[in-house]
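Down below is the structure, laid out as structure tokens.
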Amino acid sequence: MSWDTVRLEFREDVATLTIDRSDALNALNVETLEAMAEAIEQAKTDGARTLVLTGAGETAFIAGADIAYMQELSVSGAREWGELGHSVANALESFPAPTIAAINGYAFGGGCEMALACDLRVASESAVIGNPEIDLGIIPGWGATQRLPRLVGDEAARRMIYLGERLDAESAAEAGLVGEVVPDEDLESTVSELADRLAAKPEAAIQTAKRAIDQRYESQQAAALNYEKHAFAGLFDTDDQREGMAAFLEDREPEFN
Ligand code: CAA
């Protein structure tokens, strides 16, 4: 099945969801997020036993939320935007079967957050990963304040978010942000093999294992994500947000307060 910017393909029991907005390095706009939500639901209905998320092309997994769209958002618009991103990340996280992010290039901001919502992450050697929202005058708004510290620990997550650090694939693996780094040309075959191994496991047992592991975070995460949504949206009323996004779109360094 395909939408304008999203494709869903099945190979036996393995579904692959590909984001394809090459003119914006697969950055996520409203249309793409809505298509992702539909594709995830479709993969569930069709009984996928592993779901792979990746980006089209050789440069980007997902370069983030669409900055051109975000630039003019009001606080209430940013809250709805935060809600939409959260709903897609939550749909990935609560997908019944295991999910894998095949990180084939830039995974920034909302792109990193979609990868964080997957169960496992495999990166190509040339991937670069991070949450650089601070340099746009905002904070991560689709779950990284909660899901990133879980993987990399509190200190490393604070450094990444406060400093907007962009990690190369090897550093991301050392930090615990990805489970495996492979040569670019081996990413697809490595992920396929991993997806097949997961799909061949007893279905009820692996899905129960996933739900059981997720219990660790479930109760406090919903409240924390709600806090993040309001905190993210609140920054859309600041000079720094307007300056940060304008500077990116005008290809210049921002001048913050
Ligand atoms: N949103 C919208 N457009 C984007 C984009 C984004 N996140 N990232 C890249 N693009 C667009 C660029 O504007 C450019 O478009 P034009 O050709 O029309 O000018 C095109 O994609 C190619 O990008 P660059 O020319 O910048 O390519 P590059 O190779 O020089 O740099 C990059 C690549 C390092 C990924 C750089 O594009 C970049 O830093 N992108 C932004 C990354 C970022 O800050 N992401 C976080 C977004 S905020 C967020 O996601 C909030 C949240 O938590 C919900």
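Basis for what follows: all heavy atoms, side chains included, without hydrogens, waters or symmetry-related copies. First listed ligand is number 1; within each ligand, the first listed atom is number 1. Residue indices begin at 1 and follow the sequence shown. Just so it is clear, the model here is predicted, and its values are computed rather than measured.
Close contacts between ligand 1 and Glu113 involve ligand atoms 52 (C), 53 (O), 54 (C) [criterion: under 4.0 Å to a heavy atom]. The ligand atoms of ligand 1 that sit less than 4.0 angstrom from a heavy atom of Glu133 are 48 (S), 49 (C), 50 (O), 51 (C), 52 (C), 53 (O). Interface of Pro140 with ligand 1, defined as ligand atoms under 4.0 Å from a residue heavy atom, comprises 53 (O). Contact atoms of ligand 1 toward Asp66: 1 (N), 2 (C) (distance under 4.0 Å to a heavy atom of the residue). Near Leu136, with a cut-off below 4.0 Å to any heavy atom, the atoms of ligand 1 are 44 (O), 47 (C), 48 (S). Near Phe108, meaning under 4.0 Å from any of its heavy atoms, are these atoms of ligand 1: 34 (C), 35 (C), 42 (C), 45 (N). Residue Gly141 has at least one heavy-atom neighbour below 4.0 Å for each of these atoms of ligand 1: 52 (C), 53 (O). Each of the following atoms of ligand 1 lies closer than 4.0 Å to a heavy atom of Pro132: 43 (C), 44 (O).
For atom 14 (C) of ligand 1, the nearest protein heavy atom lies 4.0 Å away or farther. By the definition of a contact as any protein heavy atom under 4.0 Å away, atom 40 (N) of ligand 1 is in contact. In this structure, atom 7 (N) of ligand 1 is in close contact with the protein, since a protein heavy atom lies within 4.0 Å of it. Within a 4.0 Å radius of atom 1 (N) of ligand 1, the protein has at least one heavy atom. Within the 4.0 angstrom cut-off, atom 24 (P) of ligand 1 has no protein heavy-atom neighbours.
Within the set Ser22, Ala24, Ala89, the minimum heavy-atom distance to atom 4 (C) of ligand 1 is found for Ala24.
For the ligand labelled ligand 1, residue Phe248 lies inside the 4.0 Å heavy-atom shell. For the ligand labelled ligand 1, residue Gly85 lies outside the 4.0 Å heavy-atom shell. Contact annotation: Asp23 has at least one heavy atom less than 4.0 Å from an atom of ligand 1.
Between the His86 side chain and the Asn226 main chain, no donor and acceptor come within less than 3.5 Å of each other. Under the 3.5 Å distance criterion, the side-chain polar atoms of Ser171 are left unmatched by any main-chain donor or acceptor of Leu167. Looking only at distances, a side-chain donor or acceptor of Asp119 sits under 3.5 Å from a matching main-chain atom of Thr99. A donor-acceptor pair under 3.5 Å links the side-chain atoms of Arg49 to the main chain of Lys201, judged by distance alone. Asn26 places a side-chain N or O within 3.5 Å of a backbone atom of Arg21 that can act as its donor or acceptor partner. Looking only at distances, no side-chain donor or acceptor of Asp13 sits under 3.5 Å from a matching main-chain atom of Ala199. Without hydrogens or angle criteria, Gln241 side chain to Gln71 main chain gives a donor-acceptor distance under 3.5 Å.
Where the criterion is an N or O separation shorter than 3.5 Å, residue side chain and backbone included, Met70 fails it with respect to ligand 1. Residue Ile67 has at least one N or O atom closer than 3.5 Å to an N or O atom of ligand 1. Remark: ligand 1 and Arg166 share an N or O pair separated by less than 3.5 Å (distance only, no angle test). For ligand 1, one of its N or O atoms has an N or O atom of Gly110 under 3.5 Å away. Considering both main-chain and side-chain atoms, Leu249 never comes within under 3.5 Å of ligand 1 through any nitrogen or oxygen pair. Of the polar atoms of Ala65, at least one N or O is found under 3.5 Å from an N or O of ligand 1, judged by distance alone.
In this model, a donor atom of one side chain and an acceptor atom of the other lie less than 3.5 Å apart for Thr32 and Asn29. For Asp184 and Ser126, the side-chain atoms include at least one donor-acceptor pair closer than 3.5 Å.
With salt bridges taken as basic N to acidic carboxylate O contacts below 4.0 Å, none links Arg79 and Glu83. Residues Asp214 and Lys210 are not paired through a salt bridge, judged by the lack of any N-O separation under 4.0 Å between the basic side chain and the carboxylate.
Here the side chains of Cys118 and Ile100 are not in contact, with every heavy-atom distance at 4.5 Å or above.
When each of Glu228, Glu113, Glu93 is checked for a salt bridge (charged side-chain N to carboxylate O under 4.0 Å, His left out) with Arg147, only Glu93 meets the rule. When each of Phe236, Trp142, Phe232 is tested with Trp81 by the rule ring pair (Phe, Tyr, Trp, His ring centres under 6.0 Å), just one qualifies, namely Trp142.
Among protein heavy atoms, the minimum distance from atom 46 (C) of ligand 1 is reached at Gly109 CA, 3.7 Å. For atom 29 (O) of ligand 1, the closest non-hydrogen atom on the protein side is Tyr106 OH, 4.1 Å. Shortest contact from atom 43 (C) of ligand 1 to any protein heavy atom: Ala63 O, 3.7 Å. Remark: minimum distance from atom 28 (P) of ligand 1 to any protein heavy atom is reached at Leu25 CD1, 4.8 Å.
Hydrophobic cluster membership is shared by Leu116 and Ile40, with clusters built from Ile, Leu, Val, Met, Phe, Trp and Tyr side chains linked at under 4.5 angstrom.
In this structure, CZ on Phe95 lies 11.5 Å from CG on Leu53, to the nearest 0.5 angstrom.
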